[in-house]
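Shown next, in structure tokens, is the structure this report addresses.
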2 protein chains.
Amino acid sequence: MTTMPGPVLGDLDARVAQRLATGGVRYTKGRRLVVRALGRAGGPRSAAELHGRLRPGIPLSSLYRTLTVLADAGVLARSHDGHGVALFELAEWLRGHHHHLVCVECGRVEDVDVGDEHERTLTGVVLAVGAAGDLEVTGHRIDIEGVCGACRA
Amino acid sequence: MTTMPGPVLGDLDARVAQRLATGGVRYTKGRRLVVRALGRAGGPRSAAELHGRLRPGIPLSSLYRTLTVLADAGVLARSHDGHGVALFELAEWLRGHHHHLVCVECGRVEDVDVGDEHERTLTGVVLAVGAAGDLEVTGHRIDIEGVCGACRA
DNA sequence: CACTATAATGATATTGATTCTCACAATACA
DNA sequence: TGTATTGTGAGAATCAATATCATTATAGTG
Ligand SMILES: [Mn+2]
Ligand SMILES: [Mn+2]
Ligand SMILES: [Zn+2]
Ligand SMILES: [Zn+2]
């Protein structure tokens with residue numbers, strides 16, 4: 001019913017290292033920490049959230065730069081929480097294509113793997129609508145909004 | 001193929017006036033200007049964009065307050081361009097449910113009415129996926145990304 | 001193992017969007 | 001009309017994010 005949970009996190013470091021190497025970008029300690037933290041996270045995270053979780057108190061300014069570098073290198077994808085705060089997650093080629101469950105109460109965002117069957121359906125509609133709107137479609141973003149289990153309790 | 005373009009803009013003022021009245025909020029000149037401008041717009045707009053278009057130079061600070069008031073009153077929906085800039089559009093009950101075509105080149109965002117058939121399909125998948133993810137679904141947001149006609153030319 | 005060139009970091013200043021403050025003006029309505 | 005309430009405008013303040021720049025770490029090189 002659901003797709004495979006995407007590429008294993010085991011070789012995450014290796015895959016990122018590879019990618020950064022080809023770009024002449026160093027895979028430093030701080031960058032590793034950020035990549036691993038996002039590998040563990042179940043959804044996109046803000047700089048502030050990451051700053052709170054990262055043990056060796058990486059300065060916020062460095063963290064922002066790290067996030068920018070990784071995003072520019074294509075390792076991270078940047079999105080937004082809808083209230084002025086940027087969110088980061090592993091890029092699709094690392095994490096696998098997925099969508100988001102957004103709790104309208106607490107604001108929590110969780111990854112959700114839609115499954116091949118459903119994804120095919122979505123892609124079909126998206127392509128048709130995009131073409132009708134004179135758009136050369138390259139992708140789509142879907143947020144499913146609702147109230148999470150925690151907030152219903 | 002496409003749905004009706006949503007509620008007519010003719011009674012836009014009346015409907016907004018009604019809504020604001022029940023909340024004890026005045027429908028002032030500046031607020032009317034903003035609502036009408038967004039009624040004419042073909043997609044979500046930033047405060048800066050609106051500021052540029054509005055004839056009687058409404059101060060930016062007032063414009064921001066107006067946008068906030070209208071959003072709080074449920075007349076406007078607030079979203080985000082992903083680069084630190086908030087976007088505003090008429091709420092669904094005024095504009096009708098729709099989605100967005102986003103040009104990854106120029107950043108332009110355009111409304112798109114998906115059509116009942118496609119919308120039913122999307123809603124079906126969204127409900128199924130949300131339920132599977134323990135989310136009490138209340139809505140969904142879909143951005144179709146690609147390259148617009150202008151940018152291909 | 002030093003030595004040098006290059007890239008990364010951290011502390012701080014700065015930007016830019018948005019929000020807040022507060023004195024003043026407009027509006028509702030008794 | 002008089003008075004309470006709500007809205008406005010100009011500027012200060014806030015906050016996420018970025019830029020600066022001196023310092024430190026790293027990859028190579030001999
Ligand atoms: Mn998808
Ligand atoms: Mn829809
Ligand atoms: Zn929640
Ligand atoms: Zn474009």
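The figures that follow rest on heavy atoms only: side chains count, while hydrogens, waters and symmetry mates do not. These numbers come from a predicted model, not from an experiment. By convention in this document, chain letters (A, B, ...) are assigned in the order of the sequence lines, proteins followed by strands, and residues within each chain are numbered from 1.
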For [X] and [N], what is the distance between atoms [atom1] and [atom2] respectively, to the nearest whole Å?
| X | N | atom1 | atom2 | value |
| --- | --- | --- | --- | --- |
| B:Leu70 | C:dT18 | CG | P | 16 Å |
| A:Arg31 | D:dT26 | CZ | C1' | 12 Å |
| A:Leu63 | D:dA17 | CG | C1' | 11 Å |
| A:Arg32 | C:dA8 | CZ | C1' | 14 Å |
| A:Ile58 | D:dA25 | CD1 | P | 15 Å |
| B:Lys29 | D:dT8 | NZ | P | 12 Å |
| B:Leu60 | C:dT18 | CG | P | 9 Å |
| B:Leu20 | D:dT5 | CG | C1' | 17 Å |

Could you identify which residues of residues 72-79 of chain B place a heavy atom less than 4.0 Å from some atom of DNA chain D, listed by residue number, or say none?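 None - not one residue of the stretch has a heavy atom sitting under 4.0 Å from the strand.
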
Between [Y] and [X], is there a side-chain donor-acceptor contact under 3.5 Å, judged purely by atom types and distance?
| X | Y | answer |
| --- | --- | --- |
| A:His97 | A:His140 | yes |
| B:Asp111 | B:His100 | yes |
| A:His98 | A:Glu89 | yes |

First encountered from the 5' end of DNA chain C, between B:Leu87 and A:Tyr27: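 Between the two, 5'-proximity favours A:Tyr27.
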
For DNA chain C, whose closest nucleotide is more 5', that of B:Ala86 or that of B:Arg65?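 Its nearest nucleotide being more 5', the pick is B:Ala86.
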
Residue-phosphate contact under 4.0 Å: [X] side-chain N/O, [N] OP1/OP2:
| X | N | answer |
| --- | --- | --- |
| B:Arg26 | D:dT8 | no |
| B:Tyr64 | C:dT19 | no |
| A:Thr28 | C:dA7 | no |

Counting N and O atoms only, with roles assigned by atom type, does the side chain of A:His99 sit under 3.5 Å from a partner on the main chain of A:Asp113, one being a donor and the other an acceptor?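 Absent.
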
Below 4.0 angstrom, N of the basic side chain to O of the carboxylate: do [X] and [Y] qualify?
| X | Y | result |
| --- | --- | --- |
| B:Arg141 | A:Glu145 | yes |
| B:Arg45 | B:Asp81 | no |
| A:Glu92 | A:Arg95 | no |

Flag side-chain contact, heavy atom, 4.5 Å: B:Leu101 against B:Val109: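 When only atoms from C-beta onward are counted, B:Val109 and B:Leu101 do not touch, as no gap falls below 4.5 Å.
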
Side-chain heavy-atom pair B:Tyr27, B:Val35 within 4.5 angstrom cut-off: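 SC-SC contact between B:Tyr27 and B:Val35 confirmed.
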
Looking at the side chain of B:Ser61, which of C:dA8, C:dT19, D:dA19 is the nearest nucleotide?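 That would be C:dT19.
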
What is the nucleic acid contact for B:Ser62, judged by heavy atoms within less than 4.0 Å: base, sugar-phosphate only, or nothing?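 The residue B:Ser62 makes base contact.
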
May I ask you to say what A:Val25 touches in the nucleic acid, namely base, sugar-phosphate or nothing, with a heavy-atom cut-off under 4.0 Å?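 Sugar-phosphate: the residue A:Val25, judged by heavy atoms under 4.0 Å, touches backbone atoms but no base.
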
Please identify each residue that fulfils side chain to side chain donor-acceptor pair (under 3.5 Å) with B:Glu105, with sequence neighbours left out.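 So B:Glu105 forms no side chain to side chain donor-acceptor pair (under 3.5 Å) with any residue.
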
What residues from residues 42-53 of chain B pass a heavy-atom cutoff of under 4.0 Å to DNA chain C?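 Hits under 4.0 Å, by residue number: none.
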
